[in-house]
Amino acid sequence: MNMSTQLNSNQQEAIACTKGPLLVLAGAGSGKTRVITSKIAQLIREEFVPESHILAVTFTNKAAGEMKRRAMGMLNRPHLGTTISTFHSLCLRILRREAVLLGYTSNFSVCDSADALSLIKRILSETGRKNQKEYAPKKVQALISAVKNQSASDRKLEQLPAIDQILDQYDAALRQNDLMDFDDLLLNTVAIFEQNPSILAHYQSQFPYMLVDEFQDTNATQYRLIRLLAETAIHICVVGDEDQSIYGWRGADFENILNFPRDFDGCRVIKLEKNYRSTSKILDIANAVISHNSMRNPKVLYSDIHTDGEFVLYEAPMPQEEGVFIAKQVQALRQQGVPLNDIAVLYRANYLSRTMEDAFRRRNIPYRIVGGYKFYDRKEIKDILGYLRIIRNPSDNLSFRRIVNVPRRKIGPATIEKLESIHPVLFKSLEQLPDRFPRKQELKEFHSIIESFRKREDFGPDFLRDLIERIGYIEMLKAEEETLEAETRMENLSELVTVVGDYLDAEENPTLNGFLDTVSLLSDTDEIEDDDRVNLMTIHCAKGLEFNSVFVCGLEEGTFPNQRTMGSSRELEEERRLMYVAITRAKQNLYLSFSRERGWKWDMNRKKMSRFVKEIPLNLLKVNRPVTGLSHSRLLTAAHSSSIQPKHPNSDNSESTCTIQKGDTVMHHSYGEGAVLNVVNGNRMVVKFKRAGIKVLNSRLVQLKKD
DNA sequence: TTATGACGTATTTTT
DNA sequence: TACGTCATAA
Ligand SMILES: Nc1ncnc2c1ncn2[C@@H]1O[C@H](COP(=O)(O)OP(=O)(O)OP(=O)(O)O)[C@@H](O)[C@H]1O
């Protein structure tokens, strides 16, 4: 047995258990994923289970791909008929066959979050809620999802009483457009199963063996789906760790772990307590942090790896210095022979990657951003996909609105509104245009382009090339962008053509539907990148991964934990779990860093060190400071050597950002003269202008008028 | 009615 | 920086 297939006795026990329900409960790096992978191989090889009878559910497409690759490696097979996928891809596959039962066509499309958001914006403005702050589109979108999954808190429902009405309109619009959002994929599958016992039975018998990874991050709907599918299963195995539950904000509920033994009779519970990933010192740090959570069951996690490593805490005066520190450390690690691939820089939010990128670029250190801004989010890609979607599904008003005037056809909002009154399905209205109608020529031309491609049965690279050619997209790019920008966009389009080619090669019977499905769920960059680069990603993105050396940056109060989570202990504990996940990605070296100031170039704010760092006993970390920052380093030393925080009464921001006070008279370039009524946070102020009335604005926009 | 440019504001995490 | 909104020009 080689290293990559070794199993300890608890793991072996978990794998040997192939009947009935099984819950594997274990901390980070204890080999849960390995248990699932080995179990797939074991079932096929030793128990002669037909490979198609196994269903394994993972959290991301990337994880699914990786698991499949490993299982094929263990079985020494070039192909594997086992379904290994995310809940969403699984449901989409089922719905393509069954959704007609719910009144969708078999060509329904999946609406991504951006499309859904634009629909929500339209509904909000149609109902006159456009500029109401409590109905911020993103908030509404999150709440819609929560309501659909029955995980909305009463407090939030009360805050937005109109949510029911908005939700009705939203769902009605999706239905009319033959669209499903991400939640619908799961909900509609559950609905079909609940309403059609024979269909449920069919899928139950197709998957008598069910395995679920990252179980702590399943939401109520996913759990229902598991219960339905596993009702008659020979074996259902779920693995998870409540300390790694980091998707509560999306409706995930780690209580599912506690409910599982109750809901599945005769459930066995196996715990794995040995960590194979990290040194014992890293686990000490991780445990110190997570032990501050109250909503958890304490558990044992130990490591036999007692080798040394570096555990550094770095205080930077500014984000740029933080970047420089990380870049320098990376270079040092590289000197020591650590591959860049085995190094990760983790952060709470995507925007924090900017300063890191700068630092790496300046020093010519190769890096890659995992997740973040996606290929399929680019304008040109979404435009072309919009065409493909309207070709496949003419009811898709969202895509219609997106592309009907791209490239410019002089068809604006006013014309679209007229179309709407002819037929609620915009594309259909093109077939019923009255004799006199604005832009009739352009509309008919657009219609005939779409129709001509709908008739073609030869979806593939040439189809796509013809489409791009026919709509004049390249000319549009050349005409309206500077050449450099146009250049990259054109490269992206030819990349898309290549993607279609790859899809055609990989698929046995390729269809436009199939391609769009793959694309709409494939959010992470799935390409196997094997060139040696430092990995930059959010902590959420790093779940399930491991690296020799891990940097966690932006460890300030308000950044991590994020400001918005600091009001609720539930959310704060989720932030702490996120910190736990971050720390436990490291095998050997761990570098924590924060900056004493954070913000935008023009709006920097003083920050305190994150409480999560304070929760680590000082003797576990080596504290570093930049030479230039010495004069300002009281914060860190004081924070760590005693519990007393040195107070910086407003002197912090007032001197650097704002010399204007309440009562001053100020000038604004367009509002004119006004009196300052109030100053908030040192940089935002309420001003009563003589002509323009009361405004709230940033202090940098006004000048102090000397009396 | 559409296109364009100035100006304001806002950044959590993702299937 | 980047995006959406608003006012104005064509
Ligand atoms: N019995 C074992 N012997 C040696 N190495 C092991 C063993 N089991 C697992 N490992 C290794 O330990 C590391 C962590 O395993 P794995 O990713 O399966 O853990 P996990 O519990 O899924 O982690 P996480 O909860 O962080 O996702 C991997 O590098 C894996 O190869």
Side-chain angles (χ1 to χ4, degrees), chain A residues 57-64 85-92 110-114 116-118 121 125 130-131 133 136-139 141-142 145 149 180-186 214 217-219 221-222 245-252 346-354 358 370-374 376-377 379 405 408-418 438-439 442 480 520-524 537-543 554 558-566 571 574-575 577-579 581-582 598-603 668-671 683-684 695-698 700-701:
Chain A
V57 182
T58 60
F59 198 69
T60 62
N61 293 298
K62 199 162 88 192
S85 77
T86 62
F87 278 111
H88 294 270
S89 332
L90 173 72
C91 289
L92 181 51
V110 180
C111 145
D112 67 32
S113 341
L117 195 65
S118 73
K121 282 180 188 160
S125 59
K130 195 159 72 176
N131 290 325
K133 228 174 68 205
K138 286 226 168 104
K139 247 188 182 173
Q141 187 176 37
S145 171
N149 289 297
M180 294 190 200
D181 67 13
F182 286 131
D183 293 317
D184 290 334
L185 294 176
L186 305 170
E214 308 280 14
D217 285 320
T218 52
N219 67 20
T221 311
Q222 290 164 335
S245 163
I246 54 176
Y247 283 92
W249 53 273
R250 211 172 75 183
L346 308 182
Y347 35 80
R348 174 63 237 263
N350 283 309
Y351 73 91
L352 294 165
S353 73
R354 299 259 168 98
D358 285 344
V370 182
Y373 298 103
K374 300 159 203 156
Y376 295 104
D377 283 346
K379 262 195 225 88
N405 204 28
R408 300 258 135 85
R409 297 187 180 92
K410 302 187 175 153
I411 302 166
T415 308
I416 293 180
E417 201 165 319
K418 288 215 179 73
R439 313 292 177 207
E442 288 85 353
E480 74 181 28
S520 50
L521 293 185
L522 201 81
S523 49
D524 26 39
M537 67 188 98
T538 64
I539 302 167
H540 283 91
C541 226
K543 189 166 78 149
T559 311
F560 185 20
N562 182 284
Q563 190 69 44
R564 300 182 198 204
T565 64
M566 287 164 60
E571 291 181 69
E574 181 155 307
E575 295 283 292
R577 292 194 292 269
L578 200 52
M579 181 70 179
V581 170
R598 176 85 57 195
W600 307 273
K601 276 202 183 82
W602 52 86
D603 186 14
H668 184 272
H669 63 101
S670 57
Y671 298 145
N683 53 38
R684 298 193 63 75
K695 304 268 176 195
V696 180
L697 33 79
N698 194 304
R700 81 194 153 87
L701 299 172

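Here is the naming used below: chain letters follow the sequence lines, and residue numbers restart at 1 for every chain.
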message: Run A/Leu521 and A/Phe182 through side-chain contact (heavy atoms from CB on, under 4.5 Å) and show every step you take.
response: CA-CA 9 Å; A/Leu521 293 185; A/Phe182 286 131; 3.5 Å; yes
query: With A/Asp377, which residues qualify under salt bridge (Lys or Arg N to Asp or Glu O under 4.0 Å), at least two apart?
result: none
query: Separation of A/Asn149 atom CG from B/dT14 atom C1', in whole Å?
result: 14 Å
- request: Return yes if some donor-acceptor pair links the side-chain N/O of A/Asp112 with the main-chain N/O of A/Ser520 below 3.5 Å, else return no.
  value: no
- prompt: Ignoring hydrogens and geometry, is there a side-chain-to-backbone donor-acceptor pair from A/Arg439 to A/Lys410 under 3.5 Å?
  reply: yes
task: Measure the distance from CG on A/Leu352 to P on B/dT13 and round it to the nearest whole Å.
output: 9 Å
task: Would you mind reading off the distance between A/Phe182 atom CZ and B/dT15 atom P, rounded to a whole angstrom?
output: 8 Å
statement: Comparing A/Glu574 with A/Gly412, nearest DNA chain B nucleotide closer to 5' gives the residue A/Gly412
query: Quick one: is A/Asn350 getting a side-chain N or O under 4.0 Å of the B/dT13 phosphate, OP1 or OP2?
result: yes
message: Counting the atoms with a prime plus P, OP1 and OP2 as sugar-phosphate, which does A/Phe560 contact under 4.0 Å by heavy atoms, base, sugar-phosphate, or nothing?
response: nothing
task: Send over the distance from A/Glu571 CD to B/dT13 P, rounded to a whole Å.
output: 15 Å
task: Could I get the full list of salt bridge (Lys or Arg N to Asp or Glu O under 4.0 Å) partners for A/Arg598, not counting sequence neighbours?
output: A/Glu322, A/Glu556
Atom-pair distance (OH on A/Tyr351; C1' on B/dA10), nearest Å: 12 Å
field: A/Glu442 CD - B/dA3 C1' separation (whole Å)
entry: 15 Å
- request: Decide, applying a 5.5 Å centre-distance limit and a 30° plane-angle limit (both strict), whether A/Trp249 stacks on B/dT13.
  value: yes
message: What is the distance, to the nearest angstrom, from the CZ atom on A/Arg408 to the C1' atom on B/dT1?
response: 13 Å
task: Please state whether the phosphate of B/dA3, meaning OP1 or OP2, lies under 4.0 angstrom from any side-chain nitrogen or oxygen of A/Arg409.
output: no
message: So A/Arg354, base contact, sugar-phosphate only, or nothing? Heavy-atom distance under 4.0 Å.
response: nothing
message: Considering every strand and a 4.0 Å limit on heavy-atom distances, what is the contact class for A/Phe87: base, sugar-phosphate, or nothing?
response: nothing
field: Contact nearer the 5' end of DNA chain B, comparing A/Asn562 with A/Ile411
entry: A/Ile411
field: Candidate nucleotides B/dT1, B/dT15, B/dT13, ranked by approach to the side chain of A/Ser113 - the nearest
entry: B/dT15
task: Would you please confirm or rule out a distance under 4.0 Å between OP1 or OP2 of B/dT1 and any side-chain N or O of A/Lys418?
output: yes
Candidate nucleotides B/dT15, B/dT1, B/dA3, ranked by approach to the side chain of A/Ala414 - the nearest: B/dT1
- prompt: Are any side-chain N or O atoms of A/Arg577 and backbone N or O atoms of A/Ser245, one a donor and one an acceptor, separated by less than 3.5 Å?
  reply: yes
- prompt: Does A/Ser89 put a side-chain nitrogen or oxygen below 4.0 Å from OP1 or OP2 of B/dT15?
  reply: no
message: Which nucleotide wins on minimum distance to the side chain of A/Thr415, given the candidates B/dT15, B/dT1, C/dG4?
response: B/dT1
field: Integer-rounded Å distance: B/dT14 P and A/Gln141 CD
entry: 14 Å
- prompt: Are OP1 or OP2 of B/dT14 and a side-chain N or O of A/Thr60 less than 4.0 angstrom apart?
  reply: no
